[in-house]
J.: 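Below you will find the structure I want to go over with you.
Note that the structure is a prediction, hence the values are computed from the model and not measured.
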Amino acid sequence: MPADASCAEIRELTSELALGIADGQDRARVLEHVAVCAECRRELDELSSLADELLVLAPEHEPPVGFELRTLRRALPKPSRRRWRQPAVALVAASLAASVAAGGVLFAVRGDRRLASEYRATLSQAHGSSFRAVPLQNAAGGRAGTVFVYRGSPSWIFLTISAHGTSSAARAELVTRGNRTLTLPAFRLSSGSWGGAIPMDAGAVAAIHLLDRNGRSVLVAYLPARW
Amino acid sequence: MDGSDEALLAGFAAGDPEAGSAFVRRFQRRVYGLALTILRDPSAAEDAAQEAFVRAWRRAESYDPRRGRVLTWLLAIARNVAIDAVRLKRAEPLDPVLLTARVEANGALSSDGAPRFAEEQRLRDALWALPVEQRRAVFLAAYLGRTASEISSLENIPLGTAKTRIRSAMIRLRAELEVVDAR
């Protein structure tokens with residue numbers, strides 16, 4: 001224990017340090033002391049945990065619609081996407097290598113060609129360029145259903161909510177890549193599903209929000225940036 | 001996407017968009033709510049809450065599960081971002097009475113109607129058992145990062161009294177929670 005600071009003196013300061021409001025000099029004294037005093041270190045750890053828990057008591061508040069999307073755009077810039085893709089490329093390569101080893105390449109290519117041909121024919125029937133399925137997530141981030149999005153003329157969406165998903169969705173809004181919000185007036189859930197044309201190119205849609213009667217986003221689906 | 005808080009944080013840190021959106025959705029009401037409590041301005045609160053998630057993404061490797069939950073780690077980041085924003089704007093200090101009233105108004109149910117964790121309720125009960133001046137002092141320090149010297153000026157009390165209120169409140173809260181743990 002440092003000779004210039006007793007445990008009693010240090011414990012006068014630990015609460016302020018735990019709350020993050022101690023000045024530099026006091027902070028240095030406490031840290032120097034707890035480096036060699038297990039009892040005071042334990043007290044500091046306990047008070048720090050307590051200070052953190054106090055923040056949990058703050059009122060929760062629903063952020064504005066589109067908050068998640070704007071946050072992810074800010075938090076996940078392009079370099080991180082490259083970082084994420086690396087394992088995906090490795091997985092594809094590993095998968096391809098396994099197919100070669102099994103002698104199944106010809107079969108796989110034939111199957112893929114047939115699937116691609118059917119997909120193209122389906123899209124051409126309705127002047128479409130792409131068709132996607134994306135997960136519908138609840139407030140806890142859990143999967144609550146699926147949104148199918150057709151990009152064509154017109155673009156349309158069809159969504160289903162799983163049996164254990166929420167049925168409180170009363171309104172649907174599209175958030176565009178330009179952060180505009182567009183309400184879908186025809187939206188009405190029937191047996192946990194809804195489908196309809198949307199008055200814009202689906203490629204411009206960034207997210208689909210389902211809101212409850214109080215305007216709180218209860219379910220959301222995100223569309224990829226390019227598809 | 002389902003998963004533990006830690007798993008979602010790991011996915012978020014790795015740049016997985018699905019894990020990232022699940023992580024943000026799981027914690028956004030807490031993070032935005034805290035930022036709004038501190039900043040009182042929805043636009044500034046959104047900016048601070050977003051910045052908190054960005055910092056969480058950058059600093060995910062520093063998260064140590066032995067030192068606390070993901071939620072408290074994330075809220076501590078949000079609190080620091082919001083306090084920095086208050087200082088940058090040189091905003092008027094939030095009235096301590098208003099601050100305690102806001103947190104007090106936060107009832108026994110969370111925003112989605114679910115009962116709060118028992119530990120959270122115990123802490124809330126212990127907090128409201130404190131003398132009002134100690135409660136104000138601990139709120140000003142924990143939520144607004146006010147130093148003992150600033151609390152002394154705000155409350156018009158000697159510095160020693162401000163320090164004593166902070167310390168007494170923290171020690172009493174810890175003792176209350178320990179007593180419940182020991183039962």
J.: Check whether A/D45 gets within reach of chain B through its side chain, its backbone, both or neither, counting any heavy atom under 4.5 Å.
T.: side chain
J.: Side chain from CB out, backbone as N, CA, C, O: work out which of these in B/A49 comes under 4.5 Å of a heavy atom of chain A, or both, or neither.
T.: both
J.: Where on B/L34 is there a heavy atom nearer than 4.5 Å to chain A: the side chain, the backbone, both, or neither?
T.: both
J.: For B/G160, is there any backbone N or O sitting under 3.5 Å from a side-chain donor or acceptor partner on B/T164?
T.: yes
J.: Output the distance between atom CH2 (B/W73) and atom CD (B/E6), rounded to the nearest 0.5 Å.
T.: 11.0 Å
J.: Which atoms of A/N214 come close to chain B, meaning under 4.5 Å heavy atom to heavy atom: side chain ones, backbone ones, both, or neither?
T.: neither
J.: Sort B/R167 into side chain, backbone, both or neither according to what part of it lies under 4.5 angstrom from a heavy atom of chain A.
T.: both
J.: Could you tell me whether B/R122 and B/E176 make a salt bridge, using a distance below 4.0 angstrom between a side-chain N and a carboxylate O?
T.: no
J.: Which one, A/S48, A/A18, A/A22, A/P64, leads in non-hydrogen pairs under 4.5 Å with chain B?
T.: A/P64
J.: Counting heavy-atom pairs closer than 4.5 Å to chain B, which one of A/D52, A/T14, A/L55 comes out on top?
T.: A/L55
J.: Is it true that B/R30 and B/E120 have a side-chain N and a carboxylate O under 4.0 angstrom from each other?
T.: yes
J.: Please determine if B/K163 and A/E16 form a salt bridge, counting it only when a charged side-chain N lies under 4.0 Å from a carboxylate O.
T.: yes
J.: Side chain from CB out, backbone as N, CA, C, O: work out which of these in B/L75 comes under 4.5 Å of a heavy atom of chain A, or both, or neither.
T.: both
J.: Does CZ in A/R27 sit with more than 12 non-hydrogen atoms of other residues, nucleotides or ligands closer than 6.0 Å?
T.: no
J.: Specify which of A/S15, A/A51, A/S49, A/P63 makes the most heavy-atom pairs with chain B at under 4.5 Å.
T.: A/P63
J.: Identify which part of A/V134 has an atom lying under 4.5 Å from any heavy atom of chain B, answering side chain, backbone, both or neither.
T.: neither
J.: For a side chain to side chain donor-acceptor pair (under 3.5 Å) check, start with the C-alpha distance between A/T71 and B/Q28, then their side-chain angles and the critical distance, and finish with the verdict.
T.: CA-CA 10 Å; A/T71 302; B/Q28 63 181 0; over 6 Å; no
J.: Looking at B/A56, B/A78, B/A45, B/A142, which makes the most heavy-atom pairs under 4.5 Å with chain A?
T.: B/A142
J.: Against chain A, work out which of B/I171, B/I83, B/D47 has the most heavy-atom pairs shorter than 4.5 Å and name it.
T.: B/D47
J.: Non-hydrogen atoms of chain A under 4.5 Å away: do they reach the side chain of B/E150, the backbone, both or neither?
T.: neither
J.: According to the interplanar angle, ranging from 0 to 90°, do the rings of A/F131 and A/F148 count as parallel (below 30°), tilted (30 to 60°) or perpendicular (above 60°)?
T.: parallel
J.: Answer with side chain, backbone, both or neither: which region of A/F67 has an atom nearer than 4.5 Å to a non-hydrogen atom of chain B?
T.: both
J.: Check step by step if salt bridge (charged side-chain N to carboxylate O under 4.0 Å, His left out) holds for B/D5 and B/R26.
T.: CA-CA 9 Å; B/D5 296 348; B/R26 185 169 294 182; 2.7 Å; yes
J.: Please report the C-alpha distance between B/R25 and A/E68 in whole Å, then the side-chain angles of each, then the deciding distance to 0.1 Å, and finally whether the salt bridge (charged side-chain N to carboxylate O under 4.0 Å, His left out) criterion is met.
T.: CA-CA 7 Å; B/R25 282 186 70 73; A/E68 313 94 279; 2.7 Å; yes
J.: Need one label for A/S217: side chain, backbone, both or neither, based on atoms under 4.5 Å from any heavy atom in chain B.
T.: both
